[in-house]
Amino acid sequence: MLHYIVLEPNPQQCSAFLDIMGRHFSQTTQLVDTHTSPLSAMPAILAEKPDALFIDQEALTPLFLYFLRHLKPLPLVCATYTTPIALDLLLENPFILDSLSKPFKESDCQLAVSRILTLQQQLISSAGALPVNEYAPSLGLVSKVALPTNQGFEFENIDEIVYCEGQVNYTKVVTNQKREIVLPKTLKFVEGMLPKHLFARIHKSFLVNLNYIKAYYRTDGSRIKLLDGTTLPVSHRRRDALVDRLVKRPFPLEPSPPKIDPNVESLL
């Protein structure tokens, strides 16, 4: 059963969405509550811990996005919007799983909710796996990540990801077993999914797991050599930051403990 909260300032739009949910997903979902503003939704989200949130795009302010990033566990988030700007929102915030345009179309809602239900079942059956939106590094050490592919999601051990290569609007994820997983997401999106204490952006096209770096070379252009012999370029503007992490300040194997004020009022 998927327990969800709806944050929608327009009563008509909210009623239309709930009507679709009642007709098609009454046996698999349960409405927890509806809200018209982030100020009323945040305490309810903390108290009820819903599995999913359907949130109007205008409610996704920097403050509310900060609040979402630090929830544990993070709910599956679907943004609803009236303008195409939500597509940019998806690219910038990897914990937002999907989007729905308004006014709501029945077929679109069915597809989006079905995807969320499928992911929920995959998470239940895959021990230790995390949803696509639970990537905030400050939440602590995690073992797996759900990589969004054109077919659905692939669960991969984070420590087995060697590097990621960005190719325009696609990203190739390479594992230590030489497996390549192509994601229909930008490298910036993928970078937000992975813990910052283990991964470093070394080039506009490359994100690398620090544990797989064997050597760094300044000659013939900055580059790194990985444990399997693969060499990757290091851009000039990212060179000093990489050296600083590798040499001057040895990188941690685990993230620092989170410093988050649990009092909701401090976020308002």
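All figures in this text were calculated on a predicted structure; none of them were measured in a lab.
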CZ/Phe199 to CD1/Ile161 distance, rounded to the nearest 0.5 angstrom? 5.0 Å
Under a 4.5 Å cut-off applied to non-hydrogen side-chain atoms, are Tyr81 and Ser101 in contact? yes
Gap separating the CG atom of Leu100 from the CZ atom of Phe17, nearest 0.5 angstrom: 6.5 Å
Begin from the C-alpha positions of Leu53 and Ile5 and carry the test side chain to side chain contact (heavy atoms under 4.5 Å, CB included) through to its verdict. CA-CA 5 Å; Leu53 301 173; Ile5 283 178; 3.8 Å; yes
Shortest non-hydrogen contact between Ile202 and Pro233, atoms and distance: CD1-O, 3.4 Å
From Gln12, Gln57, Glu8, Gln13, residue fulfilling side-chain hydrogen bond (donor to acceptor under 3.5 Å, both in side chains) relative to Lys102: Glu8
With side chains defined as the heavy atoms from C-beta onward, is the minimum distance between Leu31 and Tyr4 less than 4.5 Å? yes
Within a strict 4.5 Å, meaning less than it, do heavy atoms of the Val113 and His24 side chains meet? no
Derivation and outcome, side chain to side chain contact (heavy atoms under 4.5 Å, CB included), residues Leu194 and Cys164: CA-CA 11 Å; Leu194 297 170; Cys164 305; 4.1 Å; yes
When rounded to the nearest 0.5 Å, the distance separating NE2 of His3 from CD of Glu48 is 9.5 Å
Assigning hydrophobic clusters by single linkage (Ile, Leu, Val, Met, Phe, Trp, Tyr; side-chain heavy-atom cutoff under 4.5 Å), is Met42 placed with Leu46? yes
Say whether Val208 and Val243 are linked into one hydrophobic cluster, either directly or through other cluster members, by side-chain heavy-atom distances under 4.5 angstrom. yes
Test log, rule side chain to side chain contact (heavy atoms under 4.5 Å, CB included), inputs Val162 and Thr175: CA-CA 5 Å; Val162 180; Thr175 73; 5.6 Å; no
Within the side chain of Asn209, is there an N or O that forms a donor-acceptor pair under 3.5 Å with the backbone of Asn211? yes
May I have the step-by-step check of side chain to side chain contact (heavy atoms under 4.5 Å, CB included) for Leu117 and Thr29, ending in yes or no? CA-CA 9 Å; Leu117 286 168; Thr29 68; 4.1 Å; yes
Beyond-backbone contact of Met193 with Leu147, side-chain heavy atoms, under 4.5 angstrom: yes
What pair of heavy atoms forms the shortest contact from His203 to Arg238, and how long is it? N-CD, 3.4 Å
Is the shortest side-chain heavy-atom distance between Ile181 and Glu156 below 4.5 Å? yes
Please give me the minimum heavy-atom distance between Val234 and Arg239, naming the atom from each residue. CG1-CA, 3.8 Å
State the OG1-CG distance between Thr80 and Asp56, to the nearest 0.5 angstrom. 4.5 Å
Taking all heavy atoms of Ser205 and all of Leu187, pick out the closest pair and write down the distance. C-CD2, 3.5 Å
Please list, chain by chain and in numerical order, all residues satisfying salt bridge (Lys or Arg N to Asp or Glu O under 4.0 Å) with Lys172, sequence neighbours excluded. Glu165, Glu180
Are the ring centres of Tyr163 and Tyr212 closer than 6.0 Å? no
Within 6.0 Å of CD in Glu58, more than 12 heavy atoms from elsewhere: no
When clusters are formed by joining ILVMFWY residues with side-chain heavy atoms under 4.5 Å apart, either directly or through shared neighbours, do Val174 and Leu227 land in the same one? yes
If we only count heavy atoms from C-beta on, is the Pro38 to Leu63 side-chain gap below 4.5 Å? no
Ile213 versus Leu226: any side-chain heavy-atom pair under 4.5 Å? yes
Once side chain to side chain contact (heavy atoms under 4.5 Å, CB included) is applied, do any residues pair with Ser114, and if so which ones, sequence neighbours excluded? Phe25
Taking the side chain as C-beta and beyond, is there a heavy-atom pair between Phe67 and Ile45 under 4.5 Å? yes
Donor-acceptor pair, Thr34 side chain versus Val6 backbone, under 3.5 Å? no
Leu60 side, atom CG; Ile55 side, atom CD1 - distance, nearest 0.5 Å: 5.0 Å
Non-hydrogen atoms of His35 and Ser40 that approach each other most closely: ND1-OG, 3.2 Å
Atom NZ of Lys204 and atom CG of Leu207: how far apart are they, to the nearest 0.5 Å? 16.0 Å
On a heavy-atom basis, the closest approach of Thr171 and Gly166 is OG1-CA, 4.2 Å
